[in-house]
Amino acid sequence: MKDYKELTIWSDAQALIKKAEEEGVKTLWDRKKEQEPHCGYCELGLSCRNCAMGPCRIDPFGEGPQKGICGADADIIVARNLVRMIAAGSASHSDHGRDLVEVLYKVAKGEASGYKISDSEKLKRIAQEFGISIEGKTELEIAQELALELMEEYGTKRKRLTFINRVPQERVELWEKLRVIPRGIDREVTEAMHRTHMGVDNDYISLLLHGVRTGLSDGYGGSMIATEVSDIIFGTPEPKISALNFGVLKEDQVNILIHGHNPVVSEMIYLAAKDPELNQLAQSLGAKGINLAGLCCTGNEVLMRKGIPMAGNHLATELVIVTGVVEAMVVDYQCIMPSLSEVAKCYHTLMFSTSDKAKFPGMEHVEFTPENAKEKAYEVVRKAIENFKNRSSSKVFLPSKEVKSMTGFSVEAILKALGGSLEPLINAIKIGKIKGAVGIVGCNNPKIKQDYGHVELAKKLIAHDILVLTTGCANVAIGKAGLQIPEGKDMAGPGLKEICAALGIPPSLHVGSCVDNSRILVIACALAKTLGVDIKDLPIAGAAPEWYSEKAVAIAFYVMASGIFTVLGIMPPILGSKNIVELATSGLENIFGAKFAVEPDPLKAADLIIEHIKQKRKALGLD
Ligand code: BF8
Ligand code: SF4
């Protein structure tokens, strides 16, 4: 018997963990227990298996070995491990971006039936940013040229990524001086792997600077491309009300969950789920209809654009199956626990993998390509409908009702809400009605009670008149807590409340999936440019209270390197190197004008951020 209340703040999730336990289904919390205590060397970043002379480890107490067989010390090993995390995270976001660029190219060539250009205005705007002349060209001609240009962003030819032009000059000059301006995305990731091979870069500062460069190639490269191209193909999000929670699943309908990150698959599932014929089939088999719901960042993508409700975040992905009402889960890639197919075996849920890059034991693989996606989506939805009859009513348990939440705050939507320019926001910041803004991003991690970090941090920040922007799994947490609807203003401080009421917006804005942190970068750059200052001077901060993923490390690095103070709720594996801890939590301030803090207690993390914002306001002469 577990102490369910210690695992998650939500009573519905607690009830589902209990149900899983009663039904003999292992969840991640059971496996976490089995893994404890975690390896101390790994936690400190002091183990290395980069070559076959090892593995090696450094004794943190100074009594055992202080060097690996090759002679690498604690600083080198910690730095190499961290840079490899950044490389993996950057590669993940960026490869997702590349898949979208390929879809854009195929749309232009007429080879991707089912997909189209949804935001033609944005297509033209981005094309112009890339120096493409749009005069006299058709939409598809522009799309083809832009796709080819974007492919170049991944390659070796470019000396710097094009979206760097969005960054304030002062920051670009700093990056130039430090030689961290990102070139091609693939180049930075490959170079990170090269440098961390035995006998290449053995200076921890030089290694970490390349880590920064790799992270920047994600933020201003892969992730930004993923966001912009998704908007072009699937539409730029606009504010809308949708719903969150296990309660979005419907007992009387065929429930299909879409999970992962890339909207390429889920948008086609959405089309198929709307199809009248398939809905009729569902009705003929005893269901009222087809209910589509999202998980994790694929969920965020379709929530933002289509208003598809969101069933849960990272730590809810096993529990949704335990409700017993899920006919099928369709996954693409990233953050999909391989345990899901094991959980599904205990229920009637069909599991479908869709990407050549992401196969899972126990899932049926239906490969989706831009050419066949529509047809495959119909195939999968049909199988889900036919599975409705296999649902066992004795296993059905929906412990909560859905919670309303507002979504869709793209940069364009925020500007529109502000009446077309950043001026009203800047004025509100200047007169102190809004003290500053904070991006709360990222995951769940069972090392922290699910969603406790997100919710408590967000509540305290808005109460102090700090506007919150959320992405990734943080969004579900903060949305469920009621902060992402206009009525959430009642939990905000008086200044923020007044602004929210005037604009009809919530005090916490959902800006998208994790690649959409690039939207936050765009706003930060635009704010700094409008004010004629560097990003580091703005009263803003970033936080990842419950991060788990290598992608979060890449994000943390590009956010910090952009000049934004970043607070992490989970300690990254760096404690084994005093030098790197000192650099991360203090030394970086002199280099990038921003640093990291690690604070698992969200209320204390909020204090750090509130104080930081106070200092920045003071330096700008605002208080
Ligand atoms: O990219 S927040 S758990 S789903 S890694 Fe994963 Fe973390 Fe969720 Fe989205 Ni982001
Ligand atoms: Fe050991 Fe060096 Fe090989 Fe790492 S790279 S495993 S420290 S010998």
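Each ligand, and each atom within it, is numbered from 1 in the order the structure gives.
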Quiz item: Just checking, any donor-acceptor pair under 3.5 angstrom between side chains of Asn300 and Asn475?
Solution: yes

Quiz item: In the protein, which heavy atom is nearest to atom 6 (S) of ligand 2, and how far is it?
Solution: Cys48 O, 3.4 Å

Exercise. Determine whether the side chains of Asn579 and Asp75 contain a donor N or O and an acceptor N or O closer than 3.5 Å.
Key: yes

Quiz item: So what's near atom 6 (Fe) of ligand 1, protein N, O or S atoms under 2.8 Å?
Solution: Cys335 SG

Exercise. Identify, by atom number and element, the atoms of ligand 2 in contact range of Cys70, meaning under 4.0 Å from any of its heavy atoms.
Key: 2 (Fe), 5 (S), 7 (S), 8 (S)

Exercise. Using distance alone, with no hydrogens and no angle criterion, decide if Lys447 and His38 have a side-chain donor and acceptor under 3.5 Å apart.
Key: no

Self-check item: Protein residue, atom and distance nearest to atom 1 (Fe) of ligand 2, heavy-atom basis
Solution: Cys56 SG, 2.3 Å

Self-check item: NE2 on His210 to CD on Glu188, rounded to 0.5 Å
Solution: 5.0 Å

Quiz item: Looking only at side chains, do Thr298 and His259 share a donor and an acceptor under 3.5 Å apart?
Solution: no

Self-check item: Lys NZ or Arg CZ of Arg305 over Phe234 ring: under 6.0 Å, within 45°
Solution: no

Quiz item: What's the shortest distance from atom 3 (Fe) of ligand 2 to any protein heavy atom, and which residue and atom give it?
Solution: Cys51 SG, 2.3 Å

Quiz item: Just checking, is any N or O donor in the side chain of Asp218 or Ser223 under 3.5 Å from an acceptor N or O on the other one?
Solution: yes

Practice problem: Taking the six-membered ring of Trp29 (Phe, Tyr or Trp), confirm whether the NZ or CZ of Lys2 is under 6.0 Å from its centre and within 45° of its axis. | Solution: no

Practice problem: Please work out which of Arg49, Arg80, Met53 has its closest non-hydrogen atom nearest to atom 5 (S) of ligand 2. | Solution: Arg80

